[in-house]
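Per chain, numbering begins at 1; letters A, B, ... match sequence-line order.
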There are 2 protein chains.
Amino acid sequence: MPETQDPRQNHLLAALPVEDRERLFPKLEETPMPLGHVLYESGAQMRHIYFPTTAIVSLLYVMEDGASAEIAVVGNEGVVGVSLFMGGETTPSRAVVQSAGLAYRLPGQLLKDEFLRAGPMQRLLLRYTQALITQMAQTAVCNRHHSLDQQFCRWLLLSLDRLPTNELVMTQELIANMLGVRREGVTEAAGNVQRAGLIEYRRGHIAVLDRAGLEARTCECYAVVKKEFDRLLPYTD
Amino acid sequence: MPETQDPRQNHLLAALPVEDRERLFPKLEETPMPLGHVLYESGAQMRHIYFPTTAIVSLLYVMEDGASAEIAVVGNEGVVGVSLFMGGETTPSRAVVQSAGLAYRLPGQLLKDEFLRAGPMQRLLLRYTQALITQMAQTAVCNRHHSLDQQFCRWLLLSLDRLPTNELVMTQELIANMLGVRREGVTEAAGNVQRAGLIEYRRGHIAVLDRAGLEARTCECYAVVKKEFDRLLPYTD
DNA sequence: CGGGTTCTGTTCGACACCGCACAGATCTTC
DNA sequence: GAAGATCTGTGCGGTGTCGAACAGAACCCG
């Protein structure tokens, strides 16, 4: 466990040339991200853009009747708040911390100034946004065609890729909110996957035992998204 | 009916200041878009970016088993090929002409040069991309939560908004491919909506009789997307 | 006009997920 | 360690979509 936090735990920040890092890093604010914390509400003005390091953030759409569905998930590979530089300032979705941790944030105006320099940061942000688009598109496809079991595995893998450990802290109720299904459905899917020996489940904790097994059990959507992220945002530790 | 085509039938092109139009318009190539024509294949290098005027283009993801699902639809309010300026050059989806018509296209390199000027065109393209993101996100939500009837109405309205007439030429089979459902499902949904007196159906032609009725019958997703497009890309004829 | 093609409508059982109700298990707190 | 809260597992009927098979209707073309 590293006793000191470093913005470079975020892949986008890590990919910046030294020169840009020296200009930007002093302006970053280290921000704790407690579980369930809402970074942006649907339609609300965003004040900051967030670069997660150890936290994971879900982009959720919440319907009028209260039902919800996850649109995408963001971890240390990306950034929360793309509409700040895309020009819209707000989005109709909500950003909520799905796994507690840390992020570095930058005031919106500073981010916009940086974007307008048209330097490496702009390039990275746009490429990341395209990867995010792919994730959303694939979520749409997956919601249409694939079984809950497969979607559960996909969700698990996407979360796992954004965590340093193989365990995630998450109740079935919350997973159900993310996937936009009933809690009982998650109970069943998780039970199936556990019986197959791929995960170990205990009250709010999921430990992944067999990653390859999960990948075999999920649909093609996971691989499509993963491949596209790797292509657009190559990263080496 | 205008006997001459004009790039300004595309809202993004129309929104450019005179100065930018004079630079760009001479480089545009008027391109016929026949029904079913594939503009980009999944993963293939894009050569041009397309600004539809009277055509409508579907962005589809086609799965390994051949099943498909529409991710978004683009008409004269937007542009096909955002990954050219986002930096990825390709996407894992396919762009297919859903309704025949015309478009103006620009070679990829010219578009990228224009984007790098960081002028009005860049601003428009980014804002449009954010609107497109909203459409994709809402497609994901809709696929998860809403009935086929509602999705059929949403699809109809989104297409209608991009057409000059109230009639669209489209078989149930094709609509089913777009929505990612069975053809029989579309038969039933269309039958329901026709019995309600909102549309008139005859072998490959759908005429909308009661637009307000359709809006009442669809889910909130349509309004969310519409509102976001209007907010991000205000347009007056 | 007639024959062939394409598109649309209907039926049927199968199955996945829903909504609800409730029991049981596990953790927390005092 | 007992009480309470939270989380997880299970059973039930209901419903919407699927998959397949087939009949009928509309259009096209020779």
Interatomic distance where CD belongs to B/Q194 and P belongs to D/dA25 [whole Å]: 16 Å
Base C/dC17 to side chain A/E184, donor-acceptor N/O within 3.5 Å cut-off: no
Rounded to the nearest angstrom, tell me the gap between atom CZ in B/R182 and atom P in C/dC15. 15 Å
To the nearest 0.5 Å, what is the distance between CD1 on A/I71 and OG1 on A/T91? 7.5 Å
Rounded off to whole Å, could you give me the CG-to-C1' distance for the A/N143 and D/dT17 pair? 15 Å
Report yes if some heavy atom in the side chain of B/Q172 is under 4.5 Å from a heavy atom in the side chain of B/Y201; otherwise report no. yes
Assess whether one donor atom and one acceptor atom, taken from the side chain of A/R183 and the base of C/dG19, lie less than 3.5 Å apart. no
Both A/A190 and A/R203 contact DNA chain D. Which one's nearest nucleotide lies toward the 5' end? A/R203
Separation of C/dC15 atom P from A/D149 atom CG, nearest Å, is 16 Å
Between C1' of D/dT17 and NE2 of B/H146, the distance in whole Å: 16 Å
Distance, nearest 0.5 Å, that separates SG of B/C221 from CE of A/M63: 7.5 Å
Counting only side-chain nitrogens and oxygens, does B/Q172 get under 4.0 Å of the OP1 or OP2 atom of C/dG9? yes
May I have the distance from B/H205 (atom NE2) to C/dC7 (atom P), rounded to whole angstrom? 11 Å
For A/G185, report the nucleic acid contact type (base, sugar-phosphate, nothing); a contact means any heavy atom under 4.0 Å. nothing
Nucleotide C/dC18, atom P - distance to CG of A/L179 in whole Å: 10 Å
Comparing nearest nucleotides in DNA chain D, the 5'-proximal residue of the pair A/V186, B/E188 is A/V186
Separation of A/R195 atom CZ from D/dT8 atom C1', in whole Å? 13 Å
Base, sugar-phosphate, or nothing: which does B/T187 touch, judged by heavy atoms less than 4.0 Å apart? base
Assign each of A/L148 and A/R202 to its nearest nucleotide of DNA chain C by heavy atoms, then name whichever residue's nucleotide is nearer the 5' end. A/L148
If only side-chain N and O atoms count, and only distance matters, is there a donor-acceptor pair under 3.5 Å linking B/Q138 with B/E228? no
Do A/T139 and B/R144 get their side chains close enough for a donor-acceptor pair, meaning under 3.5 Å? no
